[in-house]
Amino acid sequence: MASCCTAKFRFSISSCRAARSPRPFPGSLIHSFPLFHSPFARPMNPTNLRSVSASTEVSAGAASFTPTFSWDDVVRVSQPEFNPNDYSNLRGFFDKIKACNRGAELQSEFLPFVVEDQIVGYIHKGFAENLRSFEDVFILSKDNCDGGKVMLHQSLKSADDRTRAVGEVIKCLAENELIPGIRNELFPVTSSYGAPVFFSLERAAAPYFGIKAYGVHMNGYVEKDKQKFLWLGKRSLVKSTFPGMLDHLVAGGLPHGIACGENLIKECEEEAGIPRTLSSRAISVGAVSYSDIDGHRFKRDVLFTYDLKLPESFVPNNQDGEVESFKLIPVKHVANIIKRTDFFKTNCNIVIIDFLFRHGYITPECFGYLDLLQSLKSGDCS
């Protein structure tokens with residue numbers, strides 16, 4: 001293996017490999033950890049809801065699935081007669097939101113990641129051991145009061161210096177299979193949206209450093225015969241994450257240096273062939289958030305949501321090879337797919353549930369209405 005380490009850092013590849021067997025830190029609570037509101041504390045009444053799941057194979061270390069369902073399966077389970085006892089039960093929606101907000105009880109296993117006295121992320125104590133050898137980049141401190149924290153070396157003063165130095169570490173960790181799926185896309189590291197950017201971090205590394213990640217997600221819909229339809233996409237089987245799963249029409253992470261609106265227009269063209277003349281009409285309708293702990297990964301995502309009403313004549317056409325096919329499905333039937341199956345990429349469920357609220361498909365007459373509404377912002381939405 002070629003060396004990924006420059007003379008700047010006092011470590012060796014052997015020490016990087018050895019870091020795969022982390023030495024545990026003493027257990028302690030992180031008092032500054034953000035509060036996690038869980039709407040799932042109260043038990044739901046059991047129902048005879050029939051649940052349909054995608055048959056999947058999970059690859060180790062990544063959110064990668066190989067589904068075996070087709071569009072015919074999607075249409076079949078979406079029909080009202082497939083489960084006539086569904087009615088307005090929200091249990092299936094709660095289950096999907098809960099699936100995006102796992103691991104709240106594991107918060108004490110993470111250390112604050114601090115830059116310029118601001119908490120910008122959270123790093124699992126075990127994963128933090130992988131950083132110990134990079135002593136010219138990361139400092140792991142112990143504090144009897146708060147249980148310790150991870151900081152950047154004081155010599156790294158500018159955003160560019162931090163981006164470069166941390167990038168070298170990420171490259172080494174990736175070569176040692178500690179951070180899979182490198183995307184070569186930089187996300188801004190900041191304490192909150194719109195705050196100063198301390199440096200930029202490889203997208204694949206974001207959940208390992210627990211930074212806030214932002215994205216743009218758009219529901220594209222059509223109105224015909226007094227009924228609303230949503231365009232859904234089926235992700236390409238070569239996608240590194242959730243291949244073959246269902247998606248809403250357009251989505252993408254928010255990289256460093258581009259505004260939300262402009263990023264959405266770019267994603268519309270790449271993912272669905274929507275020209276700027278149409279995509280510029282998309283309406284910003286808010287944001288949803290979630291907080292998900294899975295092993296050493298801590299996703300703290302905020303998704304800016306958009307609606308775009310499309311003409312009946314428009315047919316999506318993927319440009320970047322990331323979408324296999326599209327299908328137009330009645331909104332009520334899309335709601336059934338979410339409630340009854342695991343066909344959707346997990347965070348897409350939240351964005352579509354938000355659409356169902358705003359367009360009147362979930363109403364106050366539904367038991368659990370307010371709890372479900374609040375749960376759309378289960379993460380730190382800042």
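Model, not experiment: these values are computed from the prediction. In this chain, residues are counted from 1 in sequence order.
- Judged as a ring pair (Phe, Tyr, Trp, His ring centres under 6.0 Å), the pairs with a partner in residues 245-281 (not counting sequence neighbours) are, in order, H217-H248.
- Contact annotation: the side chain of S200 never approaches that of F187 to less than 4.5 Å [non-hydrogen atoms, C-beta and beyond].
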Item to complete: I would like to know whether D247 and F344 meet side-chain contact (heavy atoms from CB on, under 4.5 Å); could you show each step before the answer?
Response: CA-CA 6 Å; D247 212 333; F344 274 99; 5.8 Å; no

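- Between L237 atom CG and F242 atom CZ the span is 14.5 Å, to the nearest 0.5 Å.
- Side-chain contact between M245 and F343: absent, with no pair of heavy atoms (C-beta onward) separated by less than 4.5 Å.
- For the pair E202 (side chain) and N184 (backbone), a donor-acceptor distance under 3.5 Å is present.
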Practice prompt. Kindly indicate, with the supporting measurements, whether the criterion ring pair (Phe, Tyr, Trp, His ring centres under 6.0 Å) is fulfilled by F209 and F298.
Written response: CA-CA 7 Å; F209 287 81; F298 186 8; over 10 Å; no

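- Geometrically, R297 engages Y208 in a cation-pi contact defined by less than 6.0 Å to the ring centre and at most 45° from the axis.
- Between W231 and F326, the ring planes are perpendicular. Angles over 60° get that label, and only those under 30° would be called parallel.
- When side chains are defined from C-beta on, D342 does not count as touching F69, because their heavy atoms never get closer than 4.5 Å.
- Between D160 and T163, the side chains place no donor N or O within less than 3.5 Å of an acceptor N or O (distance only, hydrogens not considered).
- Atoms CG and NZ, on L328 and K228 in that order, are 13.5 Å from each other to the nearest 0.5 Å.
- One distance of note links OG1 of T346 with NZ of K96; it measures 11.0 Å at 0.5 Å rounding.
- A donor-acceptor pair under 3.5 Å is absent between the side-chain atoms of E270 and the main chain of C268, judged by distance alone.
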Item to complete: Kindly indicate, with the supporting measurements, whether the criterion salt bridge (Lys or Arg N to Asp or Glu O under 4.0 Å) is fulfilled by K239 and E322.
Response: CA-CA 6 Å; K239 285 282 288 181; E322 295 189 356; 3.2 Å; yes

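- Relative to the ring axis of F93, K98 does not place its NZ or CZ within 45° and under 6.0 Å from the centre.
- Summarising the geometry of L249 relative to P316, their closest heavy-atom pair is CD1-CG, 3.9 Å, with the distance given to 0.1 Å.
- Counting all heavy atoms, side chain and backbone alike, L173 lies closest to F134 at CD2-CE1, 4.1 Å.
- In this structure the side chain of K266 reaches within 4.5 angstrom of the side chain of I258, judged on heavy atoms.
- No side-chain heavy atom of L308 sits less than 4.5 Å from a side-chain heavy atom of L264.
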Worksheet item: Run the side-chain contact (heavy atoms from CB on, under 4.5 Å) check on R235 and V323 step by step: do they pass?
Response: CA-CA 4 Å; R235 294 163 66 86; V323 182; 5.9 Å; no

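- For R132 (side chain) and L140 (main-chain N/O), no donor-acceptor pair under 3.5 Å exists by modelled atom type.
- For the residue pair V150 and A128, the shortest heavy atom distance occurs at CG2-CB, 4.2 Å.
- With salt bridges taken as basic N to acidic carboxylate O contacts below 4.0 Å, none links E116 and K157.
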Fill in: Step-by-step salt bridge (Lys or Arg N to Asp or Glu O under 4.0 Å) determination, K171 to E168
CA-CA 5 Å; K171 180 181 177 182; E168 290 288 340; 5.2 Å; no

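- Judged by distance alone, the side chains of D320 and N318 do bring a donor and an acceptor atom under 3.5 Å apart.
- If you chain together hydrophobic residues whose side chains sit under 4.5 Å apart, V222 and L356 never meet in one group.
- The pair K224-E312 does not count as a salt bridge, with every side-chain nitrogen at least 4.0 angstrom from each carboxylate oxygen.
- Side-chain atoms of N317 do not come within 3.5 Å of backbone N or O of A272 as any donor-acceptor pair.
- Evaluation of the salt bridge (charged side-chain N to carboxylate O under 4.0 Å, His left out) rule for D294 yields R102 as partners, not counting sequence neighbours.
- Under a hydrophobic-cluster definition in which Ile, Leu, Val, Met, Phe, Trp and Tyr are linked whenever side-chain heavy atoms come within less than 4.5 Å, directly or via other members, L373 and I338 are assigned to the same cluster.
- When all heavy atoms of F304 and C260 are compared, the closest pair comes out as CD1-SG, 3.5 Å.
- Judged by distance alone, with hydrogens and angles left aside, the side-chain atoms of E269 form no donor-acceptor pair with the main-chain N or O of I265 at under 3.5 Å.
- Taken from CG in N347 to CG in D292, the straight-line distance is 10.0 Å, to the nearest 0.5 Å.
- Between Y221 and F229, the distance from one ring center to the other does not fall under 6.0 angstrom.
- The main-chain N or O of R91 is found under 3.5 Å from a side-chain atom of N89 such that the two form a donor-acceptor pair.
- With hydrogens and angles disregarded, a donor-acceptor distance shorter than 3.5 Å links the side chain of K212 to the backbone of S382.
- Counted by atom type alone, D307 and H359 present one or more donor-acceptor pairs between their side chains at under 3.5 Å.
- Residue S378 comes nearest to I97 through the heavy atom pair OG-CG2, 4.4 Å, listed as atom of the first residue, atom of the second, then distance.
- Using modelled atom types and a 3.5 Å distance limit, the side chains of R358 and T305 yield no donor-acceptor pair.
- Counting heavy atoms from C-beta outward, V351 and V288 have side chains that approach closer than 4.5 Å.
- Side-chain atoms of Y306 and N219 form no donor-acceptor pair, as typed in the model, at a separation below 3.5 Å.
- For K309, the salt bridge (charged side-chain N to carboxylate O under 4.0 Å, His left out) test picks out E223, with sequence neighbours left out.
- Side-chain atoms of V216 and L303, non-hydrogen and from C-beta on, never get closer than 4.5 Å to each other.
- Listed for the Y361 side chain is no donor-acceptor partner under 3.5 Å among the backbone atoms of K332.
- D301 and Y290 form a side-chain donor-acceptor contact under 3.5 Å, judged by distance and modelled atom types alone.
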Fill in: Trace of the ring pair (Phe, Tyr, Trp, His ring centres under 6.0 Å) decision for Y122 with F113
CA-CA 5 Å; Y122 294 91; F113 179 27; 9.6 Å; no

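- Side-chain polar atoms of D72 and S70 form no donor-acceptor pair below 3.5 angstrom.
- A pairwise comparison of heavy atoms in P180 and A204 identifies O-CB, 3.6 Å as the closest pair.
- The hydrophobic clustering, which links ILVMFWY residues whose side-chain heavy atoms are closer than 4.5 Å, places V285 and M218 apart.
- Around the NZ atom of K327, the shell of radius 6.0 Å holds no more than 12 heavy atoms that belong to other residues, nucleotides or ligands.
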Discussion item. Checking I329 against I337 for the side-chain contact (heavy atoms from CB on, under 4.5 Å) test, could you report, in this order, the C-alpha distance in whole Å, the side-chain angles of both residues, the deciding distance, and whether it holds?
Written reply: CA-CA 10 Å; I329 296 181; I337 297 166; 4.2 Å; yes

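- Within the 4.5 Å cutoff, the side chain of D73 has no heavy atoms near those of the T341 side chain.
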Fill in: Candidate pair N336 and V334, rule side-chain contact (heavy atoms from CB on, under 4.5 Å), full reasoning
CA-CA 5 Å; N336 290 337; V334 175; over 6 Å; no

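- Here the CD1 atom belonging to I293 is positioned 10.0 Å from the CZ atom belonging to R300, to the nearest 0.5 angstrom.
- Separating the NE2 atom in H333 from the CZ atom in R76 is a distance of 14.5 Å, to the nearest 0.5 Å.
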